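So the structure is just underneath, and the comments pick up after that.
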Amino acid sequence: MDKELFDFVAERADVLSKSDFSTQVTKDAAQAWKGAVAADAEAADTATETLLNALEGRPTTIDGVIGFLEGPAKEVLGEQTAAQGLAAQLERKKAGAKWCDCEACAAATQILAKFGRIEL
């Protein structure tokens, strides 16, 4: 793996490992990637494949975000915050967005797209 690609994945794995929006599975996968490449830089390709497999199916779709904001978010975030979030996500969807734009989903989708696993 060349340095530019390595740095791209490393930056996003760091976000995934720390984000409050990441699930524990995602945090663990990102930490495992970081640990593997720290122990053996030559293991980057194998570690990245493992990370990609762990990330597949994890990022929330734009429709999933909209569904959350139309329902449970009203109780969790409050009516006004949920309504504002819903309006923003509906605009994003209208503009062609396919995925959640929280920091964790953005990092995951960028990695997956870089390796041809999804389209942004």
Side-chain angles (χ1 to χ4, degrees):
M1 176 179 297
D2 68 34
K3 180 175 176 8
E4 184 178 330
L5 184 57
F6 179 88
D7 290 347
F8 178 90
V9 175
E11 180 181 312
R12 284 147 185 87
D14 193 50
V15 170
L16 291 169
S17 70
K18 297 175 183 175
S19 176
D20 290 337
F21 295 102
S22 289
T23 65
Q24 192 60 51
V25 170
T26 300
K27 286 180 180 182
D28 292 347
Q31 285 288 58
W33 183 89
K34 291 169 65 173
V37 299
D40 179 8
E42 298 298 315
D45 289 334
T46 301
T48 300
E49 186 68 24
T50 301
L51 177 62
L52 289 167
N53 291 339
L55 293 178
E56 275 192 317
R58 296 232 166 255
T60 304
T61 65
I62 189 74
D63 290 330
V65 173
I66 290 169
F68 172 71
L69 291 166
E70 289 174 330
K74 293 176 184 177
E75 192 173 307
V76 175
L77 305 172
E79 292 277 339
Q80 184 176 0
T81 302
Q84 291 170 343
L86 178 60
Q89 295 305 319
L90 289 170
E91 282 299 313
R92 288 185 65 245
K93 183 176 179 174
K94 189 186 298 184
K98 297 178 184 177
W99 305 98
C100 173
D101 62 345
C102 78
E103 66 183 359
C105 287
T109 56
Q110 290 165 3
I111 292 171
L112 290 166
K114 187 75 157 179
F115 288 88
R117 301 273 185 114
I118 63 166
E119 289 184 27
L120 294 180

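Remember, it's a predicted structure, so these values are computed and weren't measured experimentally.
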Would you say that L90 contacts K94 through its side chain, given a criterion of any heavy-atom pair below 4.5 Å between the two side chains?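 With C-beta onward as the side chain, the pair stays apart.
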
Pairwise side-chain contact, D20 with E103, heavy-atom cut-off 4.5 Å (strictly under):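 The answer is no; the side chains never approach within 4.5 Å.
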
Quick one: closest heavy-atom pair of [X] and [Y], and the distance?
X: A104; Y: S19; result: CB-OG, 3.8 Å
X: P59; Y: C105; result: CA-SG, 3.9 Å
X: A36; Y: A47; result: CB-CB, 3.8 Å
X: L77; Y: A82; result: CB-N, 4.5 Å
X: A30; Y: S17; result: CB-N, 3.7 Å

With sequence neighbours left out, what residues match D7 under salt bridge (charged side-chain N to carboxylate O under 4.0 Å, His left out)? K3

Report the distance from atom [atom1] of [X] to atom [atom2] of [Y], rounding to the nearest 0.5 Å.
X: R117; Y: T109; atom1: CZ; atom2: OG1; answer: 14.5 Å
X: E91; Y: L86; atom1: CD; atom2: CG; answer: 10.5 Å
X: I66; Y: C100; atom1: CD1; atom2: SG; answer: 10.5 Å

Hydrophobic cluster membership, with links at side-chain heavy-atom distances under 4.5 Å among I/L/V/M/F/W/Y: are L69 and I62 in one? yes

Hey, any chance F21 and V76 share a hydrophobic cluster, counting ILVMFWY side chains that come within less than 4.5 Å of each other, even indirectly?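 No, F21 does not connect to V76 through the hydrophobic network.
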
Could you walk me through whether E49 and N53 satisfy the side-chain contact (heavy atoms from CB on, under 4.5 Å) test, starting with their C-alpha distance in whole Å, then the side-chain angles of each, then the deciding distance to 0.1 Å, before giving a yes or no? CA-CA 6 Å; E49 186 68 24; N53 291 339; 3.8 Å; yes

So for atom CD, which belongs to E119, do other residues, nucleotides or ligands contribute more than 12 heavy atoms lying within a distance under 6.0 Å?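 No.
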
Is the number of heavy atoms from other residues, nucleotides or ligands within 6.0 Å of NZ (K93) greater than 12?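 No, the 6.0 Å shell around NZ holds no more than 12 heavy atoms from other groups.
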
Is the side chain of S22 donor-acceptor paired with the backbone N or O of K18 at a distance under 3.5 Å, no angle test?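 A pair under 3.5 Å: no.
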
Residues sharing V37's hydrophobic cluster, by side-chain heavy-atom contacts under 4.5 Å among ILVMFWY, directly or via others? M1, L5, F6, F8, V9, L16, W33, L51, L52, L55, W99, I111, L112, F115, I118, L120

